[in-house]
Amino acid sequence: MTIARSSLAALLASAVFALPVSAETLRLSHNVGDTTTWQKGAERFGELLAEKTDGAYDVRVFPNAQLAGGDQMRQAEMVGRGALDLVVTSAINVTPLVPEMAVFSLPYMYENYEQVDATTQGDAVGPLEDILLERGIKVLAWGENGFRELTNNRRPVTSPEDMRGLNLRVAGPMYIDVMNALGANPQQMQWSETLSALQQGVVDGQENPIGAVIIPQQVYEMQRYMTTWHYSYDPLFLGISKAKWDSLDAETQAQMQEAATEAMEYQREISREATAEGVAFLREQGMEVHEPTSEELAAFREATQPAFDTWAERVGLDLVQSFRDAIEAN
Ligand code: X2X
């Protein structure tokens, strides 16, 4: 009896010790749907973090900016003051808080992915990471929304003249100026409201990256024409609230950093793959896709130059130059 009882106690004790320490769940907010590469990158981060910390941490992903009441620009500010642990969002959404973040998306800043990587995967982003840290956001890694392409329901767009009078949904303030320079009628709107606005014809069109957003969010079901004009590039970043980061021990920080780097590398890869296969897929779905010639691209670049100049001033000419230097050194 006594023996049985003590072995039962031993059994119970070992069972208790065998249970994993209960995990701390971190909340991660992003502002597009759960079918996107943003979601997949965020989920991959959670898996890797759980793996590397032996289950001490896991991540719950909340799409569609639902933790910020659907307001995609509010997420960064919430992470900054510690109201959210983690965010995956695009640079555009941070421009109200940190105008310098518009540097990536200046019209025709980049021609290709090599130029992009020369900045986002190198030292050029250092000053931006410093500014974000001052605002309470520690950047862990850079991912990719992508080159933003135009879709609309009115007509094929092959020149700046075709843009005149198009009612376009845009994500942020810089794109208002860019679209005005092209003679379109831009309107800032949450992404969470855009799909229904397109469906109901409230706006004629929008612009977003093919692999990360247009295909997974089935924009092709509401839009007939696309122009792959690569007019603006938009990176993502995975960031953590500085307060939360500072509360972690050095080992956990290193594990989290690794998880973030690997997850955003994966996220960039799947976004680029989906984009590369995307135009053929969109044509199969019935979209009419125009891939501009270099002369046509030059016309768009020239027409958007005034918006570039205005926003280069706002961003800071030194920062713009440092990006150009990094691109050229590549
Ligand atoms: O709102 C958009 O267009 C999106 C999803 O690309 C951004 O978050 C900037």
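When a ligand or atom number is given, it counts from 1 through the structure's own listing order. Values in this document were obtained by computation on a predicted structure and should not be read as measured data.
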Are [X] and [Y] ion-paired here, with the side-chain N under 4.0 Å from a carboxylate O?
X      : Y      : value
Lys40  : Glu269 : no
Arg44  : Glu265 : no
Asp234 : Arg148 : yes

Scan the side chains in residues 312-326 for donor-acceptor partners under 3.5 Å anywhere in the protein, sequence neighbours excluded, and list what turns up.
from   : atom 1 : to     : atom 2 : distance (Å)
Gln321 : NE2    : Asp325 : OD1    : 3.0
Ser322 : OG     : Leu319 : O      : 2.7

*asked:* Side chain or backbone, does Trp191 bring an N or O within less than 3.5 Å of an N or O on ligand 1?
replied: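 Not met; the criterion fails.
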
*asked:* Below 3.5 Å, N or O to N or O, backbone or side chain included: is there any such pair between Arg169 and ligand 1?
replied: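 Right, the criterion is met.
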
How does [X] reach ligand 1, if at all, at less than 4.0 Å between non-hydrogen atoms: by side chain, backbone, both, or neither?
X      : answer
Tyr175 : neither
Arg148 : side chain
Gln206 : neither

*Side chain proximity check, Val79 to Leu86, heavy atoms < 4.5 angstrom*: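 They are not in contact (no side-chain heavy atoms under 4.5 Å apart), so the answer is no.
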
Which of the numbered atoms in ligand 1 are under 4.0 angstrom from any heavy atom belonging to [X]?
X      : result
Asn93  : 7 (C), 8 (O), 9 (C)
Ala171 : 1 (O), 2 (C), 3 (O), 9 (C)
Asn145 : 6 (O)

*Looking only at non-hydrogen atoms, which of Val32, Asn31, Asp234 approaches atom 8 (O) of ligand 1 most closely?*
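That would be Asn31.
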
*For ring-ring contact (aromatic ring centres under 6.0 Å, His included), just list the numbers for Tyr233 and Tyr110, CA-CA rounded to whole Å, side-chain angles, deciding distance to a tenth of an Å, and then say yes or no.*
CA-CA 7 Å; Tyr233 176 80; Tyr110 301 103; 5.4 Å; yes

_Closest protein heavy atom to atom 6 (O) of ligand 1, given as residue, atom name and distance to 0.1 Å_ =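 The answer is Asn208 OD1, 2.6 Å.
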
_Heavy-atom nearest neighbour in the protein, as seen from atom 9 (C) of ligand 1, with distance rounded to 0.1 Å_ =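 Protein heavy atom with the smallest distance to atom 9 (C) of ligand 1: Ser90 OG, 3.3 Å.
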
*asked:* Does anything in residues 160-169 form a side chain to side chain donor-acceptor pair (under 3.5 Å)? List the pairs, not counting sequence neighbours.
replied: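 Non-adjacent pairs meeting side chain to side chain donor-acceptor pair (under 3.5 Å): Thr158-Asp162, Ser159-Glu161, Ser159-Asp162, Asn167-Asn185, Arg169-Thr194.
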
*Do Arg154's NZ or CZ and the ring of Tyr225 fall within the cation-pi criteria of under 6.0 Å and 45°?*
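Output no; distance or angle outside limits.
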
